[in-house]
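Note that ligands are numbered from 1 as they come in the structure, with each ligand's atoms numbered from 1 the same way. From a predicted model like this one, the values you see are computed outputs, not experimental measurements. Values below: every heavy atom of this structure, side chains too, minus hydrogens, waters and symmetry copies.
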Amino acid sequence: MSKEKTEKLSDKLLYKRKNGYETLAAADLVKVDDFCEGYKKFLNVGKTEREAVSAAELMAKAAGYKPFKRGDSVKPGDGVYLINHGKAIAVARIGKNTLDSGAYITAAHVDAPRIDLKPYPLYEDGDMALMKTHYYGGIRKYQWVALPLELHGVIAKADGTVENVSIGSEPEDPVFAVTDLLPHLAKDQNTKPLGTAFTGESLNVLVGSTPYADEEGDKYKLTAMSILNERYAMTEADFLSSELSFVPAGEARDVGLDRSLIGAYGQDDRVCAYSALVAMLDQTEIPEHTSVCILVDKEEIGSEGISGMQSEWFDTFMDDLCQAQSVKLRACYENSVCLSADVSNAYDPNFPEVSDKRNNSQINQGAVVVKYTGSGGKGGANDASAELIAALRKVFDDAGALWQMGELGKVDQGGGGTVAKFMAKRNILTVDVGVPVLSMHAPFEITSKLDVFMMYKAMKAFYEAESL
Ligand code: MN
Ligand code: MN
């Protein structure tokens, strides 16, 4: 067999994973950078689920979308949105077909691992003021010490007013930190396993060190409290009805000599939230199927609570939309398709032992389709159907959206889940599609700009698909 003939046969029969830079057109390269500048701004203003939802609302409003309420009539092309207690948002664009032909839904989450304050956070010790915390989501505690932190959240007062808190994001703002042990005295700690060397109770955040003049007792605590009082007119009792979180300080940055990567806090899963939302808002034609983009809270702790994906709030919103077209919700769901838009782990050359490289997503190979998540033999997985993936293959390929498939690490290594199974439970065909991430859940997560853009292209192609 001649060499030429062999190559042709291999082109035809064998699948080759492609690095996006080998195929990307020069015109698309400019689009990648433009898109990612917008994405970085979104990351910088959305460091909590509430802030991300506010940013998403502004984007929807700017695109002409209007708040939706039960009983409103809708017509093809209308853009509407609904906010759930400030922590989740559903955005919809009404399609040409009525909802009994199904909606095309993307579901991403806007919460991220962080360090929340306890109800009685403020105390003093060693002539310093500190705050007790209770971390949220899956953090590796050692990563959260000795780095600058910002304080974000809300204080709801008994008089009904709500103060938005943000300290640390402006250049003139102070930041906060959890102190760490000096290596000189770490002999005992160094012998402990990584998972137990740092405890939840040791993640106490340093917030001040000056005594309040002319006061007896608790004077370091009092200084901190007096500054908060000046800034937010709050007393210590107001901590009881607050949601305050320490999050990593600093803005999203380009990473690498070639600036091909983005480093920032909270990219899981604001990268998919942003890509999916912009894909929806960018549609120029009225879609065949109603497009829905839902950005939810609480994914990192099991999609629980009123603002998580398990909440019936989503069903209520969809039912109200269906009612506007005299359609039954179950008829809508059984013809709907959902892309559970969440990140996956990128192959990391520093830790090759945790991945099956052949089946792991890789940086710069585009959006990653994950057929099943779960752990221990696909336990807890959604497991999307072959037919759905086949349909998406065509949609993504036809649109020039580079994509790959991936598994979250080696079979027996661990695993994870997404909102996918909660959408599938609603009788909605669902598959996970996301962006590969390095250092997932760390204070500084890394994505590739090309992958972020390809995620957007994939989401847009999905919304514009005539059928699946
Ligand atoms: Mn996620
Ligand atoms: Mn996560």
Side-chain angles (χ1 to χ4, degrees), residues 39 42-43 46-49 52-53 56 87-89 105-116 135-141 143-144 245 247-248 262-277 293-305 307-311 314 338-346 348 354-355 360-361 367-375 380-382 384 406-409 413-424 430-448 451-452 455-456 458-459:
Y39 168 49
F42 180 76
L43 287 172
K47 292 205 163 188
T48 63
E49 72 284 355
V53 164
K87 298 178 175 188
I89 183 170
I105 304 161
T106 62
H109 67 93
V110 286
D111 61 319
R114 59 182 192 239
I115 305 179
D116 288 347
Y135 62 90
Y136 171 93
I139 66 166
R140 308 192 72 202
K141 296 174 201 103
Q143 296 176 338
W144 293 72
S245 309
V247 297
I262 296 171
Y265 163 68
Q267 298 202 69
D268 169 13
D269 181 34
R270 292 170 196 139
V271 63
C272 298
Y274 182 79
S275 307
L277 181 61
C293 174
I294 173 154
L295 309 182
V296 283
D297 179 30
K298 299 287 183 280
E299 193 279 339
E300 296 295 357
I301 57 167
S303 298
E304 309 286 351
S307 51
M309 199 67 252
Q310 295 197 63
S311 165
F314 174 70
C338 175
L339 301 188
S340 162
D342 205 346
V343 299
S344 192
N345 73 311
D348 186 339
V354 303
S355 296
N360 209 95
S361 69
V368 51
V369 175
V370 181
K371 187 177 187 297
Y372 43 82
T373 55
S375 59
N382 158 53
E407 285 201 2
L408 190 76
Q413 188 64 39
T418 64
V419 301
K421 62 179 176 180
F422 306 117
M423 299 307 278
T430 303
V431 62
D432 281 296
V433 184
V435 174
V437 176
L438 290 163
S439 304
M440 194 194 295
H441 284 205
F444 193 69
E445 300 177 309
I446 293 175
T447 56
S448 117
D451 294 337
V452 176
M455 180 67 182
Y456 157 78
M459 296 299 102

Requested in this report: Verify the distance test for Cys272 against the Mn ion (ligand 1): any N/O/S atom under 2.8 Å, yes or no.
Outcome: no

Determine whether the side chains of Thr418 and Asp342 contain a donor N or O and an acceptor N or O closer than 3.5 Å.
no

In Asp268, the N/O/S atom nearest the Mn ion (ligand 1) carries the name OD1

The OE1(Glu300)-the Mn ion (ligand 2)-NE2(His441) angle, to 10°, is 80°

Task: salt bridge (Lys or Arg N to Asp or Glu O under 4.0 Å) between Glu445 and Arg270, intermediate numbers included - done: CA-CA 11 Å; Glu445 300 177 309; Arg270 292 170 196 139; over 6 Å; no

Within the 3.5 Å criterion, strictly below it, is a donor on Glu300 or His441 matched to an acceptor on the partner's side chain? yes

In terms of side-chain heavy atoms, does Asn382 have a donor or acceptor partner in Thr430 at a distance below 3.5 Å?
no

min-distance N/O/S atom, Asp342 vs the Mn ion (ligand 1), resolves to OD1

